[in-house]
Amino acid sequence: MALLQPAWLDKMIGFLVSRGITPLTGAILVAGASVLNPHSKQLASRATLLRRLASWVAMGYLLLIPVQIYSGVKLLQARKQESSQLIAQAASSVEAIRKATTPAELRRAYEQIPGNKPALPEQLPQPFPVIRERLAEGISANTKRAEYELGNKMSSLWQRSLGLALANTLRMLIFFLGFAAIGRRSPDHSTLLESLLVRNQRRFGKATQRGRGHHGDIIAKEWMDWEDDRPRS
């Protein structure tokens, strides 16, 4: 399925990250205009719809973070696998060249080597055993060099991909916070960001209350929001 292809996902994420600032700026302007002009029903209706959409957009940017990791890892694995297959094919061709007993077998084995290569002349310029050994040694040396270069290239690709992923993750978190600060289900509800903060605050409060043990039954619930060193009345 095309939508799940890592290459397509990578392009889609790059597009959404690079274009995210435009809809975020527009959403901020519309939301700000509705606050400054609360008597405009048309503007209020547009702002309500926009805030609903902003909540979904915020969650979308948050979900893009694991999708980005998935697509990036899959792309790097596919590139390494493709290069490793070519190297393995070249190594197999070297073995076939060494085992060749006739010029025809030598040519067939030589044709299996991946990549661009010069064609063998119709008449071998040197005795068959000499040509066979030189071809095997030259291709074997090139294969080992390609394998070494692949290791260095993959290491560099992983480093660049990690840097790009971190930069995109930071941008997506910014877009998530921006849209979450605007998005809400209805004018009577708090924003998505406020809801998340309140939920985390409640979890933290419950964890703190469990840590205090039996003191939770003695200290009034409304006091939990105060700092321990603040005077109580």
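Throughout, numbering of the chain's residues begins at 1 and tracks the sequence.
Ring orientation note: the planes of F179 and Y61 are close to parallel, at an angle under 30° on the 30°/60° scale.
Annotation: the span from I13 atom CD1 to K11 atom NZ amounts to 13.0 Å, rounded to 0.5 Å. Here D10 contributes atom CG and Q68 contributes atom CD; the two are 8.0 Å apart, rounded to the nearest 0.5 Å. Separating the CZ atom in R184 from the CG atom in L50 is a distance of 11.5 Å, to the nearest 0.5 Å. Here the straight-line distance linking atom CG of L106 with atom CZ of R98 works out to 12.0 Å at 0.5 Å rounding. The structure places CG of L86 at 11.0 Å from CD of Q81, a figure rounded to the nearest 0.5 Å.
Smallest separation of non-hydrogen atoms from R132 and A100: NH1-O, 2.7 Å. The shortest non-hydrogen separation linking Q112 to R108 is CG-O, 3.3 Å. When every heavy atom of M154 is checked against every heavy atom of K80, the shortest pair comes out as CE-CB, 3.7 Å. Closest of all the heavy-atom pairs between I182 and A31 is CG2-CB, 4.1 Å. Pairing each heavy atom of S84 with each of L150, the nearest pair is OG-CD2, 3.9 Å. Contact between F175 and L24 at its shortest, heavy atoms only, is CD2-CD2, 3.9 Å.
For the pair I139/S93, no side-chain contact is recorded, criterion being any heavy-atom separation below 4.5 Å from C-beta on. With contacts defined as side-chain heavy-atom distances shorter than 4.5 Å, the pair M59/F176 qualifies. In this structure, the side chains of L173 and I65 come closer than 4.5 Å at one or more pairs of heavy atoms. No side-chain heavy atom of R171 sits under 4.5 Å from any side-chain heavy atom of I174.
The main-chain N or O of G14 is found under 3.5 Å from a side-chain atom of S18 such that the two form a donor-acceptor pair. S45 contributes no side-chain N or O that, together with a main-chain N or O of K41, makes up a donor-acceptor pair within less than 3.5 Å.
A donor-acceptor pair shorter than 3.5 Å cannot be found between the side chains of T48 and R52.
Test R160, K153, Q159 against S156 for side-chain hydrogen bond (donor to acceptor under 3.5 Å, both in side chains) and you get one pass: R160.
Salt-bridge annotation for K99 and E105: absent, with no side-chain N of the basic residue lying under 4.0 Å from a carboxylate O of the acidic one.
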